[in-house]
Structure formats: C-alpha cells, structure tokens
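Everything on this sheet refers to the single structure shown next.
FYI, side chains are in, hydrogens and waters are out, and symmetry mates aren't considered; it's all heavy atoms of this structure.
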Amino acid sequence: MVRKDALMAERYNAKESEPHWQAVWAERDLFRTRNDDPRPTYYVLEMFPYPSGRIHMGHVRNYAMGDVVARYKRAKGFNVLHPMGWDAFGLPAENAAMERKVNPREWTYANIATMRTQLQSMGLSLDWSREIATCDPSYYKHQQRMFLDFLKAGLVTRRTAKVNWDPVDHTVLANEQVIDGRGWRSGALVEQRELTQWFFRITDYAQDLNDRLDTLERWPEKVRLMQKNWIGRSEGLELRFALDAPPAGVPEEVKVYTTRPDTLFGAKFLAVAADHPLAAAVAATSPALQDFIAACHRMGTAQEAIDTAEKLGFDTGLRVRHPFDPAWTLPVYVANFVLMEYGTGAVFGCPAHDQRDLDFANKYGLGNTPVVCPPGQDPASFVITDTAYDGDGRMINSRFLDGMTTQQAFAAVADRLEAEILGDAPVAQRRVQFRLRDWGVSRQRYWGCPIPVIHCESCGVVPVPVEDLPVTLPEEVSFDQPGNPLERDLAWRRVPCPSCGADALRETDTMDTFVDSSWYFARFTAPWLTDEPTDPATADRWLPVDQYIGGIEHAILHLLYSRFFARAMRKVGWGGADEPFAGLFTQGMVVHETYKDAAGAWVQPAEVRIVAADGGRQAFHVKTDAPVAIGPIEKMSKSKRNVVDPDDIIASYGADTARWFMLSDSPPERDVIWTEDGVQGASRFVQRVWRIVNEITERSDSGGSPADDLAVRKAAHKALAAVEEDIERLRFNRCVAHIYELANSLQDGLGRAGPPALAEAAGILVQLLAPMMPHLAEACWAVLARPGLVAEAAWPQVERDLLVEDSVTLPVQINGKKRADVTVPREADVAAVEAAVLALEAVQRALDGKAPRKVIVVPQRIVNVVA
RNA sequence: GCGGGCGUGGUGAAACCGGUAACCACAUCAGACUUAAAAUCUGACGCCGAGAGGCUUGCGGGUUCGAGUCCCGCCGCCCGCACCA
C-alpha cells in the first residue's frame with residue numbers, strides 16, 4: 001500500500017501515442033522495401049480496396065491480419081513487401097457522377113485521400129512509396145500495353161455476345177444493375193442484345209487452370225473446389241447423328257456432346273437449343289417454331305424464372321438415326337433447357353437416367369427404357385416412373401453392352417463409334433469439355449480502362465501503337481444523357497488510322513474492372529517503371545505472393561482471372577510466376593446486431609443504449625429513450641445501418657484496440673461479431689499491459705526466488721513458441737489467448753520473480769504484441785528501455801530447454817473414465833508408470849484385488865487401466 | 001437438384017496425431033478498495049446434486065482400452081453453383 005501512488009502509472013494514451021509512433025516509423029522510412037535487399041523475400045498482400053468513400057470494419061480486419069504477418073516476417077529477417085493500392089475504376093463513381101453531378105475522377109481521388117488517411121491511422125506497416133491507383137494513366141497505360149501484347153499473342157478475340165439493354169435509358173446495363181429483370185433506374189424490362197465485344201481467351205488455359213489447383217496447397221480447400229466446379233471439366237463423347245431424310249435447307253447431321261455414351265440404348269429423343277442452326281433452318285419455314293424460339297429468348301433474362309421453368313419442347317418433325325441401328329430413329333425437338341453455349345448445343349435424351357430428360361419425356365409421352373440397373377436391383381422388375389437413376393450399375397436392354405459396368409460400356413461405345421465412319425469422319429470422338437467460358441472484358445462504360453484499338457473503315461481493327469499509349473479518358477465528361485459518354489465524345493473518338501492515316505474512330509468500350517485487379521500484385525514489384533508493366537526479373541523474384549488475404553467473395557472470379565493473367569503475362573514476357581498466389585487466406589466478415597425502432601426503421605449502433613434486463617438485454621434510443629428492438633446479427637451494411645465507423649473506434653479507443661479486437665475471439669476465417677463489450681475488453685487489456693510493463697520497470701526491490709524466476713521465464717518462452725506457430729498458421733485468435741496467458745503469468749509473478757526474469761518476460765510479451773498492437777508495443781519497448789524500435793527488433797529466440805517439464809501429471813482412466821492423476825518423472829518408462837498407477841488407491845479399489853486385464857500407457861499423455 | 005461446410009457452457013470459442021472436454025476472453029455473481037461510482041484487484045462460473053457422486057460436445061447406432069475428433073444413418077443451420085447433357 002505504501003507504494004500505491006508510485007505504482008499508479010498514467011493511463012496509456014492511444015490518442016497521443018499512436019500518431020507519435022506512426023511519425024517515428026515514417027521518419028525512419030521503416031517500411032519502404034528495397035528490391036536490392038539481399039535477404040530472402042516475403043510478399044504479403046491484402047486485397048486492395050475499392051475507394052468507396054470510407055474504410056469499414058471489414059477493411060480493419062483484413063489489413064490487421066496482413067499487418068501481423070508483415071511485421072512478424074520482418075522480425076524474422078525477411079525482406080518483406082507489403083504494399084497498398086486502390087481498385088479505383090468502377091460503376092459507383094459513375095453513379096455518384098449521375099446523382100451528385102461530380103466528376104468520377106475527382107470523386108475517386110477524394111475518396112482515396114480520405115481512405116489513405118484512415119488506413120494510415122491504423123498504423124499499418126505499408127510501403128506507401130509503391131502506392132498505385134488503377135484509374136491512374138500511369139497504371140492503365142501498362143494494362144493497355146498488355147492488352148496489345150495479348151492481342152498479338154492470340155489471347156484476345158472479338159465476337160458477338162449478349163448484353164443487358166435498357167430500352168428506356170438506351171444504355172447497356174451491368175448485371176448488378178438489372179433487378180428482377182428490370183433496369184435499376186428506368187424500371188424497364190431489360191432486353192438481351194447482341195453486341196460485338198472483346199474476350200480474353202481464358203479457356204485456352206482451362207486444363208492448366210484446373211490441374212494446377214491441386215498444387216495450391218496453401219489455398220483453402222473450399223476455394224479450390226469452387227474453382228474446380230466453375231471450370232467444370234468433364235470427359236465425354238461428341239457423336240454425330242445422321243438425319244433421316246432431311247428436307248432441303250436442313251443440315252444432314254447433328255452433333256451431340258454426352259458424358260454418358262453408355263446410356264445410348266436408352267435414348268428416346270434428340271433436343272437442340274433454340275439458337276441452334278438446325279432450329280433456325282427448320283424455323284425458316286415454320287412460323288410456329290419461330291414463335292417458340294422467340295418465347296425461349298424472352299425467358300432467358302430472368303434468373304429466378306429458370307428455377308421453376310417448365311421443360312418445353314417443339315417437335316420439328318425431323319428424325320435422326322441411332323448410331324448403332326440405322327433403322328431406329330429418334331424425334332428431334334427444339335427444347336428450352338438445352339444451352340447453345342455448352343457442348344454442341346444439342347443433346348440426346350435418355351429419360352431413364354437423367355431427370356431433365358425424364359421430365360421432358362413424361363410431358364411429351366416419349367416413354368423410357370432403363371439401361372443401367374442399380375446394384376442389388378432385379379433387372380426384370382426395375383422400372384423408372386418419375387425419378388431418374390443417374391448412378392452406376394450393370395447394363396441392361398443394351399444389346400452388346402448388356403452385363404457391362406457403366407464404365408466398361410462407356411469405353412465400349414466410344415471404341416466402336418470412333419472406329420465407325422459416317423460420311424468421311426468417325427461417328428464419335430472422345431473429348432474434354434469445360435464449363436468455363438471465355439472472359440468477356442468489354443464494358444460500355446466511361447470509368448474504366450480504355451481498350452486501345454482504333455476502328456478504321458478500310459483497315460478494320462487497328463491496335464494503338466505502343467508509343468501512343470496511354471489512351472487516356474477524356475477529362476470533361478457529362479452524364480446528363482444516358483449511355484456511354486465516350487460514344488458521344490466525337491472529339492475524343494476521332495483519330496487518324498495508325499495504319500493508313502484515314503479518319504477513324506477509337507474503340508469506346510472500356511475494360512472490365514476485374515482486369516485492373518488481375519495483375520496489380522505484379523505491378524507492385526516495380527511500380528516506378530514508366531515504360532514497361534513489370535521488370536520481369538524483379539517480378540520473378542517477388543512472385544508468387546507468399547500470403548494473399550481477402551474475402552471469400554473473390555473465391556472465383558478475381559482469383560481465376562489473376563491466375564489467367566499470370567499465365568498470359570509469362571507468355572508475352574512480363575515475368576512473374578505460374579501461379580500468382582502461393583498462399584491464400586479468406587477471412588470472415590464483421591457482423592453486428594441490428595436494431596429497429598417502433599416504426600420499423602433501422603437504428604445505428606451508435607444511437608443505441610443497451611441495458612441489462614432480467615434474463616436478457618434491452619435496447620433504447622440514446623436520444624428519445626424509446627425502446628428499440630434487437631434484431632438478428634448480420635453483415636455490417638449501410639442498408640441495415642448496423643455499421644460501426646472505424647474512425648469513431650480509433651478516436652475513442654485507438655487503432656491498437658480495434659486491431660486487437662478484430663484479431664481476438666473468432667477464428668479469422670469465421671465471422672466475427674462486433675460488440676461494444678468486446679472492444680471495451682480489448683481496451684482494458686491495452687491498459688493492463690501498460691500497467692504491468694510500467695510496474696516491472698518501477699520495481700527493482702524484490703529479489704525473487706529461482707523457482708519464481710523460472711516460472712515466469714517458462715511462461716514467456718512457452719507463449720513465444722506458441723504464438724510463433726500460430727502466426728505462421730494465421731490462427732490469430734489463438735495467439736491472442738497465449739498472450740493473455742502470458743500477461744496473467746507476468747502479473748502473478750510481479751511480486752515474486754526478480755527484475756531480470758521479469759524484464760526478459762516483459763520484453764517477450766511486448767514483442768509478441770508488436771505485430772498486433774504495434775503502437776502500444778513501441779511505447780512499452782521504450783518504457784522497458786530497450787534499444788531502438790520494436791518494429792525493427794529481431795524476433796526473440798525460444799529457449800527450448802524452458803519448454804520441457806521435469807515431471808508430468810498423467811490422467812489415469814479406469815475403463816476409459818478418468819478416476820485419478822499420477823505424477824511421474826518425465827523420463828519414466830512404461831513399466832515405472834504402470835507400477836505407479838497400480839499403486840494408486842483409486843486403482844486398487846477398482847481392481848478389488850484382481851489383476852487388471854490390460855494397462856495402456858501412452859507416454860506423456862494418459863494411462864488407461866482395463867479392469 | 002448438385003457440390004461443400006458447420007453443429008461444444010449464458011456468449012465468442014479452445015481441444016494439433018483418437019488420449020484429462022471447455023484454454024483464453026466476454027457476460028454474470030460474490031468479495032476487497034472507495035463517502036459513492038468508475039477503474040483496479042481477488043474469487044466463483046458446463047448441467048444435476050447439500051454432498052459423495054453422476055451426467056455432458058445436435059440425435060441414434062458402430063469401431064476402439066479410450067471418440068468432440070473415425071465410420072454409418074437421421075435432424076438442423078450456413079455457403080457456393082445452378083437446366084452444364
């Protein structure tokens with residue numbers, strides 16, 4: 001009690017401390033990465049943000065995780081690259097321009113400025129000297145260069161594709177602007193229009209993109225699986241059906257792709273897509289079919305409708321011959337469920353073994369013949385009524401296939417039909433098919449990277465010469481009229497043809513913003529280059545990214561496109577790696593309770609006061625005191641108003657508290673619930689660490705027994721070993737638990753252990769904290785009078801000797817239930833442990849004088865006595 | 001429909017290879033300090049039971065000396081894809 005005043009260290013003041021240490025780091029330029037640093041490289045990257053206006057808690061979580069890894073790896077002696085940039089093109093800037101009459105560029109750069117300040121207030125160890133914004137000509141110039149390289153290398157094609165067309169606004173709509181089949185602004189029914197557009201030939205790499213997934217061992221299994229399904233590789237047979245007496249103008253054959261050639265003897269019909277050439281040929285003389293095709297097109301738009309859509313078909317009256325029996329013919333339908341984009345746009349229907357075919361056959365009275373008998377079924381009694389059987393089994397009703405397994409039948413059909421000739425080619429061909437389609441990159445938008453080509457009446461499509469890059473967006477832009485402003489801007493569009501010099505027009509499509517984010521990780525390796533997208537040797541050294549961290553929502557598109565770009569960039573000589581991201585981590589969302597007032601309006605958490613009530617909690621509005629209903633916990637979103645502004649949290653608690661809370665509690669891949677109690681708990685811990693560290697330095701009186709010294713040192717080194725392992729595996733919540741444990745041990749040891757042991761343990765505590773709460777750690781480091789900055793300090797070495805105990809306490813089970821403990825020397829052999837256990841009173845009592853049937857001793861773990 | 005994941009105290013969770021279920025934290029309760037409150041410190045805290053003890057990882061089975069963990073069958077929730085032949 002005497003030294004109470006002396007021990008009352010001042011409260012840690014994050015508001016003063018955090019900007020101070022940020023200034024110290026900046027002054028020493030601590031986080032600038034040099035490409036010529038000889039140490040081993042480590043590239044940690046978090047998905048760069050879209051500059052929407054302000055950062056949100058999801059950003060705080062994402063960047064806090066990345067910063068832990070970056071600071072830890074730096075302490076471990078790596079040359080760490082940890083850059084930041086802005087995914088700055090996109091629709092919201094255009095929306096803001098339309099709604100608020102602002103310039104998209106100014107709006108975007110203003111947002112970037114705000115968000116940069118916010119990120120800097122988090123104390124992230126970022127190399128800001130490498131900052132890039134994708135909307136800057138210094139970035140998209142190189143993207144245009146690569147587009148031209150890809151074009152030359154045959155990785156870009158141009159063909160027609162459907163777009164969403166708003167007939168009232170006369171504009172192309174992005175998918176997210178189509179709501180329930182209607183334009184988001186006009187409310188008009190959206191039509192599908194064919195437009196000539198640019199495509200990246202990602203399907204050229206479908207096989208490799210599929211196969212290399214297996215090598216991405218540090219990717220979540222879930223993401224690999226999602227990509228695998230998206231790529232959708234299948235092995236099947238393309239087979240040709242000859243038409244039986246086709247009328248004039250109708251093709252003589254139809255090609256069909258099937259993964260189930262084994263079921264060929266169960267075929268009952270053939271169906272082609274509404275867009276299939278055969279359908280068009282028949283429709284030429286059939287107004288009824290024209291109507292049917294038009295109806296199919298109308299249905300195409302609405303996503304939900306497909307779900308419930310009935311299988312509909314139109315009987316063309318044509319018939320095809322069965323490949324194994326020219327006398328056996330099948331009717332040919334045009335069907336609404338057959339997709340022109342997949343396979344050959346035509347299928348043969350085997351109702352017994354495909355649910356869709358069965359629904360269709362039942363509707364049109366086509367019947368079914370089961371040809372695969374499930375294991376354990378009697379073939380004689382096996383019938384299909386309204387549930388198709390798509391499993392394996394033995395072939396029946398299939399002539400020469402009877403008795404075979406489905407796999408054998410597949411091979412037998414393929415072998416025979418590959419050898420059979422129809423006209424001048426084999427009837428069938430084995431073939432691999434993918435669901436993946438080419439990547440349409442054309443967007444009829446202003447705020448994107450211009451596609452660097454010129455359309456000339458006599459020369460056609462002419463690439464912009466590399467020396468003329470970048471093709472910059474016009475500065476002056478107006479969104480008063482609907483449509484793409486670039487199309488109206490003739491001053492910008494009109495250019496001489498680079499090839500013949502005649503009057504020509506610029507391409508007005510800009511690139512999908514996914515292109516911008518498909519190579520930024522490579523640009524970060526040398527963003528100062530003005531003439532080239534990358535320095536290939538430098539890119540080779542840094543890539544792949546060692547640890548990439550971001551949201552699961554990018555599991556497919558962004559990551560797949562980046563994987564495509566890695567391949568394409570290597571092909572055209574810009575270096576990098578086969579795979580862009582060696583390690584991937586997908587973090588969970590930040591969620592929060594929702595609140596609604598009596599009128600049903602959403603209420604912000606900041607306006608809600610929570611009171612503990614009997615058996616639960618009650619919420620009241622801070623201003624009106626009116627009761628507020630507590631709703632379900634949901635993802636923080638503006639629409640539900642359940643957002644907490646990082647600025648507010650940093651202002652009242654500090655960045656360290658926010659970071660600590662985001663890393664504690666929930667496993668990083670799971671959602672974390674933001675609660676006021678949780679932040680306060682984190683904040684209390686900040687103060688506790690500060691008190692402990694200060695108290696240690698203020699106490700030099702107590703002596704400390706060797707046993708107490710050892711206990712504190714053991715606790716510190718145990719925590720060190722555990723945190724090290726858990727950071728490596730990105731298990732930040734476990735790191736937090738270990739650090740709490742160490743703080744508890746340190747507090748226990750305060751009155752007992754000696755100053756050297758306490759100082760050592762406190763130093764370790766501070767270093768463990770440093771990746772997570774860097775400002776607090778820096779302040780504590782100074783209090784401990786340790787030299788330099790903790791941000792520059794090498795990671796401490798674990799003293800392995802301190803991790804092993806001399807004796808171990810083993811649980812003793814009798815018949816699998818824990819009944820006692822036994823403490824034995826660590827090195828005790830099995831016989832010694834067994835003897836010690838059998839001497840225990842509890843064991844004696846249980847055995848009741850008899851010999852045990854069995855004693856299982858698992859060294860260092862457990863003993864089980866079977867009575 | 002297809003594919004995948006998850007289910008543990010009041011809450012977030014931990015339990016690595018099948019080996020003491022519940023580390024750590026939040027909340028709650030009690031105590032200390034205080035005129036009081038906050039802050040801080042100490043303690044209790046899975047369930048039943050006064051206790052001894054018994055029970056407990058969504059439910060039901062199985063394998064095993066031993067199962068939260070492995071296998072089979074249900075139930076519930078979540079996510080992704082979706083007419084892909």
Side-chain angles (χ1 to χ4, degrees), chain A residues 1 4 7-8 11 220-230 232-234 236-237 256-260 263 271 273 303 306-307 309-311 335-339 341-350 353-357 359-360 390 433-437 552-553 555-556 612 615-617 661 664-667 669-673 675-682 684-685 687-688 691 722 725-726 729 731 733-744 747 809-821 852-858 860-867:
Chain A
M1 297 311 110
K4 189 173 155 197
L7 295 183
M8 289 289 277
R11 282 177 66 79
E221 192 62 47
K222 181 190 167 89
V223 174
R224 286 195 270 170
L225 199 76
M226 281 164 74
Q227 291 218 349
K228 206 145 227 181
N229 290 340
W230 188 263
R233 183 181 188 278
S234 72
L237 211 60
V256 157
Y257 173 75
T258 179
T259 55
R260 295 294 304 272
T263 64
Q303 298 280 340
I306 292 170
D307 213 14
E310 200 183 357
K311 310 262 173 290
N336 65 351
F337 67 90
V338 181
L339 305 173
E341 298 80 25
Y342 185 79
T344 60
V347 300
F348 82 79
C350 175
H353 304 290
D354 182 287
Q355 193 57 47
R356 280 165 318 191
D357 295 347
D359 293 345
F360 190 81
D390 61 5
Q433 171 76 35
F434 296 92
R435 290 171 54 169
L436 184 68
R437 319 252 172 92
I552 186 79
E553 66 274 19
I556 299 177
R617 298 149 67 243
F661 178 44
S664 59
D665 272 355
S666 291
E669 69 279 7
R670 245 183 264 181
D671 291 351
V672 65
I673 306 171
T675 62
E676 191 60 25
D677 284 336
V679 198
Q680 279 173 11
R684 275 200 299 272
F685 182 64
Q687 297 300 337
R688 193 149 82 93
R691 268 197 317 277
E725 194 190 324
D726 281 331
R729 299 202 206 171
R731 298 193 290 205
N733 58 318
R734 289 175 33 136
C735 295
V736 167
H738 299 310
I739 291 171
Y740 271 118
E741 261 182 293
L742 175 55
N744 291 345
Q747 193 154 0
T809 299
L810 301 179
V812 177
Q813 294 183 331
I814 296 167
N815 295 330
K817 297 257 181 203
K818 194 202 159 193
R819 289 296 129 117
D821 287 305
R853 286 208 289 168
K854 206 172 180 184
V855 180
I856 292 135
V857 178
V858 183
Q860 320 271 327
R861 278 261 180 221
I862 202 167
V863 182
N864 193 9
V865 179
V866 186

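Of the candidate nucleotides rC83(B), rC79(B), rC65(B), rC65(B) has the atom lying nearest to any side-chain atom of Val866(A). Of the candidates rC83(B), rG54(B), rC81(B), the closest approach to any side-chain atom of Arg435(A) belongs to rC81(B). Taking every side-chain heavy atom of Gln747(A) into account, rC41(B) is the closest of rA13(B), rC24(B), rC41(B). Taking the side chain of Arg691(A) as heavy atoms from C-beta on, and the options rA82(B), rG3(B), rU40(B), the nearest nucleotide is rU40(B). Minimum atom distance to the side chain of Lys817(A) is reached by rU56(B), of the listed rU56(B), rG12(B), rC24(B). If you check rA27(B), rA85(B), rG12(B) against the side chain of Asp677(A), the one that comes closest is rA27(B). With rA13(B), rA85(B), rC24(B) as the choices, the nucleotide that has an atom nearest any side-chain atom of Asn744(A) turns out to be rC24(B).
The side-chain contact (heavy atoms from CB on, under 4.5 Å) test with Val863(A) is passed by exactly one of Val857(A), Asp821(A), Ile814(A): Val857(A).
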Report task. Fill in the dot-bracket string of RNA chain B, one character per base: . for unpaired, | for a pair to another strand, ( ) or [ ] for pairs within the strand, taking Watson-Crick or G-U pairs under 3.5 Å. Result -> (((((((..(((......[....))).(((((.......))))).(((....)))..(((((..]....))))))))))))....

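Map Gly232(A) and Ala682(A) each onto its nearest nucleotide of RNA chain B; the residue landing nearer the 5' end is Ala682(A). Where Leu225(A) and Phe337(A) each meet RNA chain B at their nearest nucleotide, the meeting point lying more 5' is that of Leu225(A).
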Within the sub-3.5 Å range, which N or O atoms of nucleotides 16-22 of chain B have a protein N or O partner, and how far apart are they?
from, atom 1, to, atom 2, distance (Å)
rU20(B), O2, Lys818(A), NZ, 3.1

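Note on Thr675(A): every side-chain N or O is 4.0 Å or more away from OP1 and OP2 of rU11(B). Dashed line: the shortest gap from a side-chain N or O of Tyr342(A) to OP1 or OP2 of rA85(B) is under 4.0 Å. Contact between the side-chain N/O atoms of Arg819(A) and the OP1/OP2 oxygens of rG53(B) is not found at any separation under 4.0 Å. For rA14(B), the OP1/OP2 oxygens have a side-chain nitrogen or oxygen of Asn733(A) closer than 4.0 Å.
Distance OG1/Thr258(A) to CG/Asp354(A): 9.0 Å, rounded to 0.5 Å.
Rounded to whole Å, the distance from NZ on Lys854(A) to P on rG66(B) is 9 Å. Regarding Glu310(A), its CD atom lies at a distance of 17 Å from the P atom of rC83(B), rounded to whole Å. Taking atom CZ of Arg670(A) as the reference point, atom P of rU8(B) lies 9 Å away to the nearest angstrom. In this structure, Asn336(A) atom CG and rC83(B) atom P are separated by 12 Å, rounded to whole Å.
Here the closest heavy-atom approach between residue Leu810(A) and residue Gln860(A) is recorded as CD2-C, 3.5 Å.
Using a 4.0 Å heavy-atom criterion, one finds that Val338(A) contacts the bases of the nucleic acid, with or without backbone contacts as well.
Side-chain contact between Tyr257(A) and Ser234(A): present, with at least one pair of heavy atoms (C-beta onward) separated by less than 4.5 Å.
If you take atom P in rC55(B) and the same atom in rC81(B), they sit 47 Å apart, rounded to whole Å.
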